[in-house]
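Lettering follows sequence order; numbering is per chain, from 1.
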Number of protein chains: 2
Amino acid sequence: MRRPVTIKHVAAEAGVSLQTVSRVINNGPNVRPEVRERVNEAVAKLGYVPSIAAQRMGGSRSWLLLALNDRDRTIEGWRLGEGTDWVDKMLMGGMLECAEHGYRMIFELVDTHSNHVEREVRAAISALHPDGVILTPPHSDNPLIIDLLVQLGLPFARIGSVVDGPGFAITMDDRAAGKAATDHLLDLGHTRIGFITGSDEWAISGARLDGYKQAMTERGLAIDEALIGRGDFSFESGTAAMEAFCELAEPPTALVASNDQMGLAALRVINSRGLKSPENLAIVSFDDTPIVKFSHPPLTAIVQPIAAMTAEASRLLIRAKAGDADLPDAVVVPFGLAIRDSTRRA
Amino acid sequence: MRRPVTIKHVAAEAGVSLQTVSRVINNGPNVRPEVRERVNEAVAKLGYVPSIAAQRMGGSRSWLLLALNDRDRTIEGWRLGEGTDWVDKMLMGGMLECAEHGYRMIFELVDTHSNHVEREVRAAISALHPDGVILTPPHSDNPLIIDLLVQLGLPFARIGSVVDGPGFAITMDDRAAGKAATDHLLDLGHTRIGFITGSDEWAISGARLDGYKQAMTERGLAIDEALIGRGDFSFESGTAAMEAFCELAEPPTALVASNDQMGLAALRVINSRGLKSPENLAIVSFDDTPIVKFSHPPLTAIVQPIAAMTAEASRLLIRAKAGDADLPDAVVVPFGLAIRDSTRRA
DNA sequence: ATGAAAGCGCTAACAA
DNA sequence: TTGTTAGCGCTTTCAT
């Protein structure tokens, strides 16, 4: 059980003071290249890695980023085990970006709706002293959490939040995505395109619908209100909306669903009526969770860039902590469009 | 930006010394109930939460558990986005268990095959000073990592490792699972049951096969070597094995596949021959990753208890750090059997 | 350009 | 049963 290597050992090995080693480690100024070299050699030779606990105690960074996710939502996703991959994607984007900069990302589950959110968050921060906090929906819009963070003077990023406010706002352009989804169908020759909205409680629902409308209008097509179904992101609401479309004298030949669940619901509805996709209905959904790859046919979907958004959040927070000024207070991350069989050969 | 609350503030508030507060926080002895009460009130009033960095500096626990996953495997899983949910399940089991005890779990990706594994692991440990380390396959059997941990005197758990060695070995009973899968098919009335093995490089492959053989033998059925196909966990190997079965004069009416990929491959093979499951072939696969829920039909599968194993690992490490003696050095976690349409109505 | 001193928040070991 | 002392490993001052 060897004693761990500390900064002292490095200093002794290189024949300099603690302070000089510290300067080298932190890329500080005022060190002759020659000395710097010698210290680095000692570091390498001894396999020295600074203790982040000690660094933090010394008044420097903690090299920790705290990511807050909604407890119920996350656990429910895990329990179902159906591949809701928010957490996976966050890790992919956040962890890898953090690792790039010597940072670590710590996950924490918090009840948004509980009245002691503030206490939960405060406790996590007191224990960890993170250099920054990443908020995911629905925390991204929680005023209690945001106010606390502001009060604490801790840099934070709000992922997927469209409301203005302090902290870095990391989003995708939902309006543009709604337009891209619709354009894809228009390009395939469709003109009667249905749209199923998300819940009004989410600002992104309106944005996605706006994109649809813009795409239609730009091609000189009138907006037919009968082709706009009201959903709330649930499978059931998708089913209801699609069934209404089917009752129309002239049902849509293509559909944009505001999330995967509703897209799959629509597919199920037409299947139960003996219809198929893409022959009778081309479908584009939003989010691109794993499930849409396994439906028959697999669904074309707008890819929500969760990993990229989390990576961007991490990058900004790390730069903020490093003292970097003039950082954008909002970043729009490009979305993707995964084309699959539900929109092939129109 | 309020100054954070430290142990000093609590001490002042309660009118006692730092040490007494420390004792209360750590449930130490030698504190009058009355004083303890007073301190707790001060803690609650001030919303005090100890800094784990400072606790660790003071020579106590770091309240951190380090979980090591294979870099390539993990990233590949994320990249594909097909819901390989090892990480998700680990978080679910590990994080929740850790939270229960005031611990945090930090994830780290490490290249098993790299020749600087040791350096990578050592660096993570030096930086974090975790109280314990959780190893997942293939790290669980990596002698470089294991030796390092032993040398460091750090408690660690090896998940899914069947080889003997130091550290806590957390496993599921793969032999029993192989038997349970086979028994399930036997109970349905099948007698010609095929088996596709995993790669010989994994000890679990042999265990699963043994379970199959035992189940067959116990029912007085002979082991037909022609019904044992050699696979290596890949989709392709599953395809090859199933195709060989189909060429038999008397093909199997049921199948146990040593993982989901090969189970899905078998399903694909029979579908391409105009056959269906479960009518022509009842299928049970191993692992129960999300994808088997979305095949047609969904596959019955042995559920690998990843969350439970990680939770158990966390529990043991935390207890070990707490000084708990007589802990088991091996724990077998019960597996599950998720029955789905691929084995209904035989 | 470098080193010495003080202190971060906490816990061990010791004394009272 | 309590309080006092001395660190833990590092980074800030501030000297030199």
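Separating the NZ atom of A:Lys8 from the P atom of D:dC10 is a distance of 10 Å, rounded to the nearest angstrom. Between A:Asn26 atom CG and D:dG9 atom P the separation is 17 Å, expressed in whole Å. If you measure from atom CH2 of B:Trp63 to atom P of C:dT11, you get 9 Å, rounded to the nearest angstrom. Here the C1' atom of nucleotide D:dT11 and the NE2 atom of A:His129 are 16 Å apart, to the nearest Å. Across the protein-nucleic acid pair, B:Leu46 atom CG and C:dG9 atom P stand 14 Å apart, rounded to whole Å. Atom CD1 in B:Ile7 sits roughly 19 Å away from atom P in D:dC8 (whole-Å rounding). Taking atom NZ of residue B:Lys321 and atom P of nucleotide C:dT11, one finds them 14 Å apart after rounding to whole Å. One can place CD of A:Glu34 at 13 Å from C1' of C:dT2, the figure rounded to the nearest angstrom.
Comparing atom distances between the B:Val16 side chain and each of D:dC8, D:dT12, D:dG3 picks out D:dG3 as nearest. When distances are taken from the side chain of A:Ala54 to each of D:dT2, D:dG9, C:dT2, the shortest belongs to D:dG9. Each of C:dC10, C:dT2, D:dT2 was ranked by its minimum atom distance to the side chain of A:Arg23; first place goes to C:dT2. Of the listed nucleotides (C:dT2, D:dT11, C:dC10), C:dC10 has the atom at the smallest distance from the side chain of B:Tyr48.
When the nearest nucleotides of DNA chain D are assigned to A:Met57 and B:Leu18 by heavy-atom distance, the more 5′-ward of the two goes with B:Leu18. Of the two residues near DNA chain D, B:Gly59 and B:Pro29, the one whose nearest nucleotide lies more 5' is B:Pro29.
A salt bridge does not link A:Glu76 with A:Arg71: every distance from a Lys NZ or Arg NE/NH1/NH2 to an Asp or Glu carboxylate oxygen is 4.0 Å or more. Under a 4.0 Å N-O distance rule, the pair B:Arg32/B:Glu37 does not qualify as a salt bridge. Under a 4.0 Å N-O distance rule, the pair A:Arg104/B:Glu108 qualifies as a salt bridge.
Contact annotation for A:Gln19: base contact, defined as any heavy-atom pair under 4.0 Å involving a base atom.
The one candidate from A:Lys45, A:Arg38, A:Lys8 that meets the salt bridge (Lys or Arg N to Asp or Glu O under 4.0 Å) condition with A:Glu13 is A:Lys45.
OP1 or OP2 of D:dT11 lies within a sub-4.0 Å distance of a side-chain N or O belonging to A:Ser22. Within the 4.0 Å cut-off from OP1 or OP2 of D:dT11, at least one side-chain nitrogen or oxygen of A:Gln55 is found. Dashed line: the shortest gap from a side-chain N or O of A:Thr6 to OP1 or OP2 of D:dG9 is not under 4.0 Å. For A:Thr20 and C:dT2, the shortest distance from a side-chain N or O to OP1 or OP2 is not below 4.0 Å. Within the structure, every side-chain polar atom (N or O) of B:Arg56 is placed at least 4.0 Å from both OP1 and OP2 of D:dC8. A close approach under 4.0 Å does occur between a side-chain nitrogen or oxygen of B:Ser17 and OP1 or OP2 of D:dG3.
B:His139 places no side-chain N or O within 3.5 Å of a backbone atom of B:Ile145 that could act as its donor or acceptor partner. In this structure, A:Asp131 contributes its side chain and A:Leu65 its backbone to no donor-acceptor pair below 3.5 Å.
The base of D:dT2 does not come close enough to the side chain of B:Arg32 for any donor and acceptor atom to sit less than 3.5 Å apart.
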